[in-house]
A.B. asks: 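Here you go, one structure.
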Amino acid sequence: MIPVKYSNTMLLNNLIKSHISRHVQMLRLISSGQGLSQAAQDAKEGWLSKLLVRRIEPTKEPHSRMLSDKDIIYELQTHNVKPDSRSNYLSNYENTVRLIESRKQELNTELVGSWTVEVGDMDQILNLWKHTGGFAGIDKANYLLAADKEYVKLEAIRGSYLRSRHLQYLLSFSYWPQIALRKGANIYEIRSYSLKPGTMIEWGNNWARAINYRRNNAEAFAGFFSQVGRLYNVHHIWCYKDLHSRKETRESAWRLPGWDECVAYTVPLIREMHSRILYPTKFSPTQ
């Protein structure tokens, strides 16, 4: 337990720091030619705006309709592989992909990307599928695959290579760029966020602006929010040439006016977040 005296000292120090920060901001505004009263008001609003999450009015529209304008469902499979079974898993999954591709027209399903996790859980593999028939199409595909003996056999064998697995159905944010498959040697980063319930619209409002600061290098690959599985989950997938270009690209965003405000508004919405670096598998459509 923190002593009362020490706790009070910490509180006092924080208040002094915030007070000084506001006055420094006021002086900058005054030096730029603004009046004293206007500077004080602007400084106060700027300071408070970074502490408060803006209120979202109630709506009778489902969040999915407000944030996504497509009848396309994405399926994110997270497979945790036994350390000694990685090559066997990849061979098995490649055969599964080929089988589904051979029935692509009737299944309305296609693989978008398949990645091994190289930073994070290094025995983890992510597979991203696209379903163009909505949830009715997924029901149909699951029914057809359950009757396919070769598919069932491959799935049963694959189970022996896994420690665990997880599946989510996702929708794509309407304000993100269209998914464009990449060629050449690339790495990917998936940044996953667990949001506070009720904050998805606020997240979308802010990121609809924030994404404009991250378009210059075409690093934005995909942005999703969960519909089934772990709820209030957001996944942003970015594409870079390598880790060094990732560092430079992310640092350049902080030099753009407005990016810091978007971050300040969205951070209070997050309960948990983590980042994973991904390498495409050899059979991944996006490289």
Side-chain angles (χ1 to χ4, degrees), residues 62-77 108-115 126-134 137 168-193 195 199-227 232-263 265-267 269-270 273-281 284-287:
H63 289 181
S64 58
R65 287 298 178 192
M66 298 178 69
L67 295 168
S68 182
D69 57 7
K70 307 175 185 67
D71 190 26
I72 297 175
I73 311 297
Y74 290 88
E75 176 182 340
L76 180 62
Q77 300 175 352
N108 292 315
T109 300
E110 61 180 315
L111 184 69
V112 175
S114 178
W115 302 275
L126 305 182
N127 303 300
L128 180 66
W129 292 86
K130 177 182 178 182
H131 300 275
T132 55
Q168 278 183 309
Y169 288 130
L170 314 168
L171 291 178
S172 175
F173 284 114
S174 58
Y175 53 81
W176 269 68
Q178 292 289 323
I179 294 178
L181 302 184
R182 311 301 171 87
K183 298 180 180 180
N186 297 297
I187 67 169
Y188 292 77
E189 178 182 15
I190 181 168
R191 297 176 72 86
S192 300
Y193 305 87
L195 303 186
T199 61
M200 189 65 72
I201 296 296
E202 178 72 0
W203 180 273
N205 287 344
N206 283 287
W207 266 97
R209 295 188 297 275
I211 195 64
N212 293 317
Y213 299 108
R214 303 293 298 275
R215 289 178 180 269
N216 293 338
N217 299 310
E219 82 250 40
F221 180 74
F224 304 110
F225 61 99
S226 60
Q227 281 285 283
Y232 283 96
N233 268 196
V234 168
H235 302 288
H236 292 172
I237 303 178
W238 308 91
C239 181
Y240 305 101
K241 286 300 178 185
D242 49 40
L243 287 173
H244 181 68
S245 66
R246 170 190 175 274
K247 173 181 177 292
E248 291 189 330
T249 300
R250 287 179 54 78
E251 288 180 352
S252 67
W254 285 98
R255 293 191 286 270
L256 299 175
W259 171 253
D260 59 336
E261 290 187 5
C262 290
V263 173
Y265 286 134
T266 54
V267 165
L269 312 178
I270 301 171
M273 61 181 289
H274 67 285
S275 165
R276 288 166 285 180
I277 299 298
L278 316 174
Y279 287 9
T281 63
S284 174
T286 192
Q287 290 292 312

A.B. asks: I'd like to check the ring pair (Phe, Tyr, Trp, His ring centres under 6.0 Å) partners of Tyr74; sequence neighbours left out, ordered by chain and number.
C.D. replies: Phe224
A.B. asks: Who passes side chain to side chain contact (heavy atoms under 4.5 Å, CB included) against Val263, sequence neighbours left out?
C.D. replies: Trp254, Trp259, Val267
A.B. asks: Not counting sequence neighbours, which residues clear side chain to side chain donor-acceptor pair (under 3.5 Å) with Arg255? List them please.
C.D. replies: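 Partners of Arg255 under the side chain to side chain donor-acceptor pair (under 3.5 Å) test: none.
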A.B. asks: Are Glu261 and Arg209 side-chain neighbours, meaning at least one heavy-atom pair lies under 4.5 Å?
C.D. replies: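 Answer no - side chains too far apart.
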A.B. asks: Residues two or more places apart in sequence or in another chain: which of them pass side chain to side chain donor-acceptor pair (under 3.5 Å) with Glu248?
C.D. replies: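 Here the qualifying residues are His244.
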A.B. asks: Can you name the side chain to side chain contact (heavy atoms under 4.5 Å, CB included) partners of Lys247, sequence neighbours left out?
C.D. replies: Glu251
A.B. asks: Once salt bridge (charged side-chain N to carboxylate O under 4.0 Å, His left out) is applied, do any residues pair with Arg276, and if so which ones, sequence neighbours excluded?
C.D. replies: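 For Arg276 there are no salt bridge (charged side-chain N to carboxylate O under 4.0 Å, His left out) partners, ignoring immediate neighbours.
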A.B. asks: Check side chain to side chain donor-acceptor pair (under 3.5 Å) between Ser252 and all other residues, then give those that pass, not counting sequence neighbours.
C.D. replies: none
A.B. asks: Taking only residues two or more places apart in sequence or in another chain, which ones pass salt bridge (charged side-chain N to carboxylate O under 4.0 Å, His left out) with Arg191?
C.D. replies: Glu189
A.B. asks: Please identify each residue that fulfils ring pair (Phe, Tyr, Trp, His ring centres under 6.0 Å) with Trp115, with sequence neighbours left out.
C.D. replies: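 Trp115 satisfies ring pair (Phe, Tyr, Trp, His ring centres under 6.0 Å) with Tyr188 once adjacent residues are dropped.
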A.B. asks: Taking only residues two or more places apart in sequence, or in another chain, which ones meet His236 in a ring pair (Phe, Tyr, Trp, His ring centres under 6.0 Å)?
C.D. replies: Trp176, Tyr193, Trp203, Trp207
A.B. asks: At what distance, to the nearest 0.5 angstrom, does CG of Asn205 lie from CG of Leu269?
C.D. replies: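 Rounded to the nearest 0.5 Å, the CG-CG separation comes to 10.0 Å.
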A.B. asks: Can you name the nearest heavy-atom pair linking Ile211 to Ala220, along with the distance?
C.D. replies: CD1-CB, 4.0 Å
A.B. asks: Taking salt bridge (charged side-chain N to carboxylate O under 4.0 Å, His left out) as the definition, give me every residue that meets it alongside Arg214, ordered by chain and number, with sequence neighbours left out.
C.D. replies: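 For Arg214, the residues satisfying salt bridge (charged side-chain N to carboxylate O under 4.0 Å, His left out) (neighbours in sequence not counted) are Glu219.
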A.B. asks: Only counting residues at least two apart or in another chain, list the ones meeting side chain to side chain donor-acceptor pair (under 3.5 Å) with His131.
C.D. replies: Glu75, Thr109
A.B. asks: Is the closest side-chain heavy-atom distance between Ile187 and Tyr279 below 4.5 Å?
C.D. replies: yes
A.B. asks: State, yes or no, whether a side-chain contact exists between Lys130 and Ile179 at a heavy-atom distance under 4.5 Å.
C.D. replies: no
A.B. asks: Do Ile73 and Leu171 come within less than 4.5 Å of each other through their side chains, counting heavy atoms only?
C.D. replies: yes
A.B. asks: For the CD atom of Gln77 and the CD atom of Gln168, what is their distance to the nearest 0.5 Å?
C.D. replies: 11.5 Å
